[in-house]
Amino acid sequence: GMLHVGGVRTALFNWLFARKNGGVFVVRIEDTDFERSTEESVEQLKRSLRWIGLEWDEGPEVGGPHAPYRQSERMELYRRAAQKLLDSGAAYRDFATPEELAGFREEARAAGRQPIYTGGEFREMDPEEARKRVEAGDPYTVRFRTPREGQTVVEDMIRGPVTFDNANLEDFVLMRSTDTPTYNFAAVVDDAEMEISHVIRGDDHLSNTPRQILLYRALSRELPAFAHVPQVLGQDRKKLSKRHGAASVEDFAARGYLPEALFNYLALLGAGYAADEEIFTPEELAERFRIDRVSGNPAVFDESKLLAINQVYLRRKSPEELALIAAPLLVESGAVPEEELQSDMPRLTKIMELLRERIGCTTEIPAAVGYFYGGRLDYDPEEFEKQFGKDFVQDSFPELYQRLSSLPEWTEEAIEGCVRGLAAEKEKGARHLIHPLRFATTGRTVSAGLFETMQLLGRERCLLRIEDVLEKMKQLSKPVS
RNA sequence: GGCCCCAUCGUCUAGAGGCCAAGGACAUCGCCCUCUCACGGCGAAAACCCGGGUUCGAAUCCCGGUGGGGUCACCA
């Protein structure tokens, strides 16, 4: 399904680990659950991975020595492995119906016991009888014959040894009655078959690991090294979800975050890097990555920190790059007609240079840039009154307009000289003209420096807007002093 | 509830027995710069969950409690 940020972070750690150690990063599609797995979700996953810059060395589309990399295309493998376990006695057939199982669990719960299913009568059923029932067409699952005693130890690269009592593990299902494998089984068969040396995954899998270790042993396969990285939590310390505003890679892309910023932030989150520096390229991150430094503590996702990092990356982009990012956003949002943009990319480049320091994420661009295009503006009436209600402003604006329109050249310096000159003659601070003028020409109370903004706006557009304001001023109620 | 993991400023973390009256970053709050906003500069506030041990000495080791997280399917 959607690639959750917790999931990308895990993928990122795998990528970093593989890069650092000269390994191979493999992507495998685990689609044995036909209900949940759709073509679209697979595409979405690949898109998200690529967007953030995680290219895989082996996997779907790129291929590799252990293709195919999609479990739905490897069914024979799992069936053979299941048969092998059946033959060796490591697994058995369970003919219990879903209703019977539900009944068993309910009963156990009611009696205050843990519902650990160990196959009931089927665990020790005579193979001959089992065969008869198979021939009769009775549905069954294949279950693992979990040892009832002893312990299984997971040697985790992050946490050290983690011990589980086998008695707490039930006889889990290997093959469903539909003759398809469950996650635990397929994952082990594939990891063994694909020669996976290091399994780095979310810590929601830690409790699956003893089962998988038992399976490796039953299949006489060598164990990979395991590392379980914690989940990513929301501010309320609950698992991050759409409830928190954004949770998937696509959400963050849509919110205007740069892939390299998300990459950088996620790689830092709980990874135990030294805290003196925080902006790193993927290569630098890989160079410094140490799986044993990853924190076992679940990390809280902090969007304000992501934003800060995003700003750094935005500022590092050249005005040309920013213009290229901005153009489609401006067109999509309807802020600027496409023809107008295409005919004058150099101007957009200059605009972006001016605004670069003031943008936190790319979604802010249309609002920040919009007033550089088009003619007359809509003014907030309340703010309009505030800006132009004063006598001084009303008195000096017509003259300001005259002087601006007769300026020999429309440069930042000329405009500044003009405005400051008039203010000085009137023995007023320049800010008394600057603020209303900013509002008149941009329709906003905040912008980049007024004079450079006006220069980029162009004389024609500025004068038009001032004329418009002069006109609207007349309708203002009696000036208050 | 059983089992498992985890525990330093609001958040991410540095810290691996003395260098820590705990450092950095983001966020917050001041001040400076200034035409507003942002950038930048300077500064402030802010944490070792609690209780027992071990030790000359503990944020660092051990035990217990508490708290948070995960997991208990014919889902992955």
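Note that the structure is predicted; figures quoted are calculated from it, not measured. Throughout, a chain's letter reflects where its sequence line sits, starting with A, and its residues are numbered from 1. Every heavy atom of this structure was used, including side-chain atoms; hydrogens, water molecules and symmetry mates were not.
At least one side-chain nitrogen or oxygen of A:R105 sits closer than 4.0 Å to the OP1 or OP2 atom of B:rC74. At B:rA76, one or more side-chain N or O atoms of A:T32 fall inside 4.0 Å of OP1 or OP2 (strictly under the cut-off). Residue A:K238 places at least one side-chain N or O under 4.0 Å from the OP1 or OP2 atom of B:rG69. OP1 or OP2 of B:rA76 has at least one side-chain nitrogen or oxygen of A:R176 nearer than 4.0 Å. Between A:R109 and B:rG1 there is no side-chain N or O to OP1 or OP2 distance below 4.0 Å. At the phosphate of B:rU36, neither OP1 nor OP2 sits under 4.0 Å from any side-chain N or O atom of A:R444. One finds a side-chain N or O of A:R420 lying less than 4.0 angstrom from the OP1 or OP2 phosphate oxygen of B:rC35. At B:rC74, none of the side-chain N or O atoms of A:R93 fall inside 4.0 Å of OP1 or OP2 (strictly under the cut-off). Look at A:N297 and you'll find a side-chain N or O under 4.0 angstrom from OP1 or OP2 of B:rU8.
Among the heavy atoms of the strands lying under 4.0 Å from A:R315 are primed sugar atoms or P, OP1, OP2 only; no base atom is included. In this structure, A:H228 reaches neither bases nor backbone, as no heavy-atom distance under 4.0 Å exists between it and the strands shown. The residue A:T445 sits close to a base: some heavy atom pair falls under 4.0 Å. Contacts of A:T182 with the nucleic acid, taken as non-hydrogen atoms under 4.0 Å apart, involve only primed sugar atoms and P, OP1 or OP2. Residue A:G429 is out of contact with every strand shown, counting any heavy-atom pair closer than 4.0 Å. Residue contacts shown for A:A448 include a base, since a base heavy atom lies under 4.0 Å away. The residue A:Y265 sits apart from the nucleic acid: no heavy atom pair falls under 4.0 Å. Residue contacts for A:A308: at a heavy-atom cut-off of 4.0 Å it reaches the sugar-phosphate backbone alone, with no base atom in range. Looking at heavy-atom distances under 4.0 Å, A:E30 makes contact with sugar-phosphate atoms alone, never a base. The residue A:G360 sits apart from the nucleic acid: no heavy atom pair falls under 4.0 Å.
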Decide side-chain hydrogen bond (donor to acceptor under 3.5 Å, both in side chains) for A:T152 and A:N166; before the verdict, give the C-alpha distance in whole Å, the side-chain angles of both, and the deciding distance to 0.1 Å.
CA-CA 6 Å; A:T152 300; A:N166 294 149; 2.6 Å; yes
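Side-chain proximity of A:N168 to the nucleotides B:rC3, B:rC74, B:rG70 is greatest for B:rC3. Closest to the side chain of A:R293, out of B:rG10, B:rG15, B:rC3, is B:rG15. In this structure, of B:rC26, B:rG70, B:rC37, it is B:rC37 that holds the atom nearest to the side chain of A:R358. Out of B:rG69, B:rC12, B:rC72, the shortest distance to the side chain of A:V300 is found at B:rC12. Minimum atom distance to the side chain of A:F451 is reached by B:rC35, of the listed B:rC35, B:rC74, B:rC12. When distances are taken from the side chain of A:N208 to each of B:rG15, B:rA76, B:rC74, the shortest belongs to B:rA76. Which of B:rA76, B:rU36, B:rA25 sits closest to the side chain of A:N184 comes down to B:rA76. Checking B:rU36, B:rU71, B:rC26 against the side-chain heavy atoms of A:S207 singles out B:rU71 as nearest. Between B:rC4, B:rC26, B:rU71, one nucleotide has an atom nearer to the side chain of A:D204 than all others, and that is B:rU71. Candidate nucleotides B:rC35, B:rC39, B:rC74 were compared by shortest atom distance to the side chain of A:V173, and B:rC74 ranks first.
Here the P atom of nucleotide B:rG69 and the CD atom of A:Q235 are 14 Å apart, to the nearest Å. Across the protein-nucleic acid pair, A:F301 atom CZ and B:rU13 atom C1' stand 16 Å apart, rounded to whole Å. Between the CZ atom of A:R237 and the C1' atom of B:rU11 there is a distance of 9 Å, given to the nearest Å. With rounding to whole Å, A:Y183 atom OH is found 7 Å from B:rA76 atom C1'. Rounded to whole Å, atom P of B:rA14 lies 11 Å from atom CG of A:L268. B:rC12 atom C1' lies 13 Å from atom CD1 of A:I279, rounded to whole Å. A:Q231 places its CD atom 19 Å from the P atom of B:rU11, with the value rounded to the nearest Å. The interatomic distance linking A:L437 (CG) with B:rU36 (P) rounds to 15 Å, in whole Å.
Across the strands present, B:rG10 finds its partner in B:rC26; the criterion is a Watson-Crick or G-U wobble pair with both atom distances under 3.5 angstrom. Of the nucleotides present, none pairs with B:rU54 by Watson-Crick or G-U wobble criteria with both distances under 3.5 Å. Here B:rC19 sits opposite no nucleotide as a Watson-Crick or G-U wobble pair (both hydrogen-bonding atom distances under 3.5 Å). Summarising the base pairing, B:rU71 is matched to B:rG2 through a Watson-Crick or G-U wobble pair whose two defining distances lie under 3.5 Å. Summarising the base pairing, B:rG40 is matched to B:rC32 through a Watson-Crick or G-U wobble pair whose two defining distances lie under 3.5 Å.
For A:D190 and A:Q71, the side-chain atoms include at least one donor-acceptor pair closer than 3.5 Å.
Between B:rU8 and B:rG15, the two C1' atoms lie 9 Å apart (nearest whole Å). Taking atom P on both B:rG65 and B:rG2, the two are 11 Å apart, rounded to the nearest angstrom. The C1' atoms of B:rU55 and B:rU60 are separated by 13 Å, rounded to the nearest whole Å. B:rA59 and B:rC75: their C1' atoms are spaced 41 Å apart (whole Å). With both ends at atom C1', the span from B:rC42 to B:rC50 equals 39 Å, rounded to whole Å. Distance noted for atom P between B:rU28 and B:rG68: 28 Å (whole Å). Atom C1' of B:rG52 sits at a distance of 31 Å from the matching atom of B:rC12, rounded to the whole Å. B:rG41 and B:rC4 have their C1' atoms separated by 49 Å, given to the nearest Å.
Between A:F185 and A:F144, the distance from one ring center to the other does not fall under 6.0 angstrom. Checked against the 6.0 Å centroid threshold, A:F388 and A:F397 count as a close aromatic pair.
A salt bridge links A:E425 to A:R403: at least one charged side-chain nitrogen sits closer than 4.0 Å to a carboxylate oxygen. Note on A:R243 versus A:D236: salt bridge recorded, some NZ/NE/NH1/NH2 to OD/OE distance being below 4.0 Å. Using a 4.0 Å cut-off between a side-chain N of Lys or Arg and a carboxylate O of Asp or Glu, A:R70 and A:E30 do not qualify as a salt bridge.
The line from CZ of A:R80 to CZ of A:R74 is 10.0 Å long, rounded to the nearest 0.5 Å.
At distances below 3.5 Å, at least one donor-acceptor pair connects side-chain atoms of A:E100 with backbone N or O atoms of A:T97.
For the pair A:K305 and A:Y265, the cation-pi criterion (under 6.0 Å, within 45° of the ring axis) is not fulfilled.
With hydrogens and angles ignored, a donor-acceptor pair under 3.5 angstrom links the side chain of A:S177 to the base of B:rC74.
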